[in-house]
Amino acid sequence: MDRPEHRTGCCAPQRATGPAVPPPPSGHPKPAGQSAHTVPQAHIPAQTFRMGDAHGDGAPADGETPVHPVSLTAFDIDTTSVTNADWAKFAAATGYRTEAETFGFSAVFHLALAADPRDILGQPPQTPWWRGVRGADWRHPGGPRSSIEGLDEHPVVHISWNDAQAYCAWAGRALPTEAQWEAATRGGLDGRRYPWGDDLGAQEGERAGWRLNIWQGAFPAENTMDDGFLTTAPVRTYSPNAYGLWQTVGNVWEWCADAWAVDTYTRDLAAGTVHDPTGPAGTAPHAPRVMRGGSFLCHDSYCNRYRNAARTSNTPDSSMANAGFRTVSP
């Protein structure tokens, strides 16, 4: 019988589903007598901003251009990614099992493996730094021999888009549209590369001079960990942007609500100023969904997607060790 594996992009491995597995339930009731979602909120004011890559940094296949005006209604957004502690409350209250748990495996970066050889189920030849690992899930981010002990304030990972939607249904929240996500990460700095401006350079007062958690060294064989982290960092490790959001770029990819299309911005530009866009309409339930922000694996030598305008996608049932989410007010 064929073993499960991940068809892998450089940033976000895609699940190649083997035998049909029933999808997880779409949501659960809130437990009585307790707040379902306790992540602090940032208020994003109503605004019109220029959405897209104003610097020519992105690849054409990522669809970061043309830059176009977008107007948004005010909304509230989580100041951090949802953490392991946050997800644990949800799992305890509902008994929810993630798709990584249901399928029985997920994708782990090779230097972070904590698994026996028999648990390595696949290694894509195009991107050999990823492994499909039996028993990798949110409680075991590196595989069966790992745990999240001491990682309460790290972002929860191995969460699919479907999983994130289930959390939102329970918490009375929503995934951000990618327009909401981009406006929030920009922090009012219209047209800038990063949440703090255009310069990636070291910043006095930040951890080892780094403003974000990305790869240092020769990818994918050596991470010098100049910023102190091989994989995820706690969600409040670096300074927040002007809106009070922590670590929107680097650390982990974040799911957005929108279906993916390379030509989304071309369609939007044809419509003029776009009001509260929600991405392509009429897409199939299993169509790829947008991911934003880059992760701890991003490196200039192959992936500079740790930018405000950067975008990629993955199928809604895919999970991996470098992807999580944050939520918005519905």
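For the single chain, residues carry numbers from 1 onward in sequence order.
Of the residues Pro141, Ser81, Pro234, the one that meets the side-chain contact (heavy atoms from CB on, under 4.5 Å) test with His154 is Pro234.
Counting heavy atoms from C-beta outward, Trp210 and Gln216 have side chains that approach closer than 4.5 Å. No side-chain heavy atom of Ser313 sits less than 4.5 Å from a side-chain heavy atom of Val290. No side-chain heavy atom of Asn314 sits under 4.5 Å from any side-chain heavy atom of Trp260. Counting heavy atoms from C-beta outward, Val157 and Thr232 have side chains that approach closer than 4.5 Å. The shortest side-chain heavy-atom distance between Gln41 and Thr79 does not fall under the 4.5 Å cut-off. With a 4.5 Å cut-off on side-chain heavy atoms, Pro144 and Val133 count as touching. Using a 4.5 Å heavy-atom threshold, the side chains of Trp130 and Asn322 count as touching. Contact check for Val235 versus Trp246: no side-chain heavy atoms found under the 4.5 Å cut-off.
Residues Trp253 and Phe296 place their aromatic rings such that the two centres sit no closer than 6.0 Å. In this structure, Tyr167 has its ring center closer than 6.0 angstrom to the ring center of Trp87. Between Tyr96 and Trp170, the ring center distance fails the sub-6.0 Å criterion.
Each of Ile77 and Val156 belongs to its own hydrophobic cluster when Ile, Leu, Val, Met, Phe, Trp and Tyr are linked at side-chain heavy-atom distances under 4.5 angstrom. Residues Val82 and Val328 do not share a hydrophobic cluster, defined by chaining ILVMFWY side chains whose heavy atoms lie under 4.5 Å apart. In the hydrophobic cluster analysis, where Ile, Leu, Val, Met, Phe, Trp and Tyr join through side-chain heavy atoms closer than 4.5 angstrom, Leu297 is grouped together with Met291.
Minimum heavy-atom separation, Ala115 to Ile120: CB-CD1, 4.3 Å. Scanning both residues, Pro330 and Ala174, for their nearest heavy atoms gives CA-CB, 4.3 Å. Between Ala233 and Asn251 the shortest heavy-atom distance is N-OD1, 2.8 Å. Of all non-hydrogen atoms in Pro195 and Val249, the two that sit nearest each other are CD-CG2, 3.7 Å. The nearest pair of heavy atoms linking Trp161 to Ala257 is CZ2-O, 3.7 Å. Shown here for Ile159 and Trp255, the closest heavy-atom pair between the two residues is O-NE1, 2.9 Å.
No donor-acceptor pair closer than 3.5 Å links the side chain of Thr127 to the backbone N or O of Trp129. The backbone N or O of Gly217 lies less than 3.5 Å from a partner atom in the side chain of His299, making a donor-acceptor pair. Panel note: side chain His110, backbone Pro220; a donor-acceptor pair is recorded below 3.5 Å. In this structure a side-chain-to-backbone donor-acceptor pair under 3.5 Å is present from Asn241 to Ala184.
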_Pair Thr248-Thr185, side chain to side chain donor-acceptor pair (under 3.5 Å): steps then yes or no_ = CA-CA 6 Å; Thr248 50; Thr185 188; 2.5 Å; yes
_side chain to side chain donor-acceptor pair (under 3.5 Å) between His275 and Ser71, intermediate numbers included_ = CA-CA 5 Å; His275 298 273; Ser71 64; 2.5 Å; yes
*In sequence, state the C-alpha distance, the side-chain angles, and the governing distance for Phe109 and Trp215, and then conclude on ring-ring contact (aromatic ring centres under 6.0 Å, His included).*
CA-CA 12 Å; Phe109 184 68; Trp215 188 277; 5.4 Å; yes
*Apply side-chain contact (heavy atoms from CB on, under 4.5 Å) to Leu189 and Tyr243, showing your working.*
CA-CA 10 Å; Leu189 298 180; Tyr243 286 155; over 6 Å; no
_Test side-chain contact (heavy atoms from CB on, under 4.5 Å) applied to Asp78 and His37, step by step_ = CA-CA 10 Å; Asp78 296 344; His37 184 73; 2.8 Å; yes
*What do the steps show when you test Val67 against Leu269 for side-chain contact (heavy atoms from CB on, under 4.5 Å), and what is the final call?*
CA-CA 8 Å; Val67 176; Leu269 184 63; over 6 Å; no
*Do Ile214 and Cys298 pass the side-chain contact (heavy atoms from CB on, under 4.5 Å) test, and can you show the C-alpha distance, the side-chain angles, and the key distance before you say yes or no?*
CA-CA 5 Å; Ile214 55 175; Cys298 283; 4.3 Å; yes
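With a 6.0 Å cutoff to the six-membered ring centre and a 45° limit on the axis angle, Arg311 counts as a cation-pi contact of Tyr265.
Within a 6.0 Å sphere centred on NE2 of His286, heavy atoms belonging to other residues, nucleotides or ligands number 12 at most.
Every pair passing salt bridge (charged side-chain N to carboxylate O under 4.0 Å, His left out) that includes a residue from residues 142-157 is listed here, sequence neighbours excluded: Asp116-Arg145, Glu153-Arg236. Sorted by first then second residue, the salt bridge (charged side-chain N to carboxylate O under 4.0 Å, His left out) pairs that include residues 239-259, not counting sequence neighbours, are Glu254-Arg326. The salt bridge (charged side-chain N to carboxylate O under 4.0 Å, His left out) analysis of residues 52-71, with sequence neighbours excluded, yields the pairs Asp57-Arg193, Asp62-Arg305, Glu64-Arg307.
Between Arg211 atom CZ and Tyr306 atom OH the span is 13.0 Å, to the nearest 0.5 Å. Rounding to the nearest 0.5 Å gives a distance of 3.5 Å between CD of Glu101 and OG1 of Thr98. Taken to the nearest 0.5 Å, the CG atom of Leu245 stands 5.5 Å off from the CD1 atom of Ile44. Annotation: the span from Thr231 atom OG1 to Asn213 atom CG amounts to 8.0 Å, rounded to 0.5 Å. The CD atom of Gln165 lies 9.5 Å from the OG atom of Ser160; values are rounded to the nearest 0.5 Å. Rounding to the nearest 0.5 Å gives a distance of 7.0 Å between OG of Ser319 and CG of Asp163.
In this structure, the salt bridge (charged side-chain N to carboxylate O under 4.0 Å, His left out) partners of Glu182, at least two apart in sequence or on a different chain, are Arg186, Arg292. In this structure, Thr80 has no side chain to side chain donor-acceptor pair (under 3.5 Å) partners at least two apart in sequence or on a different chain. Take Asp276 and apply the salt bridge (charged side-chain N to carboxylate O under 4.0 Å, His left out) test, not counting sequence neighbours, and it matches no residue.
A side-chain donor-acceptor contact under 3.5 Å links Asp226 and Thr224.
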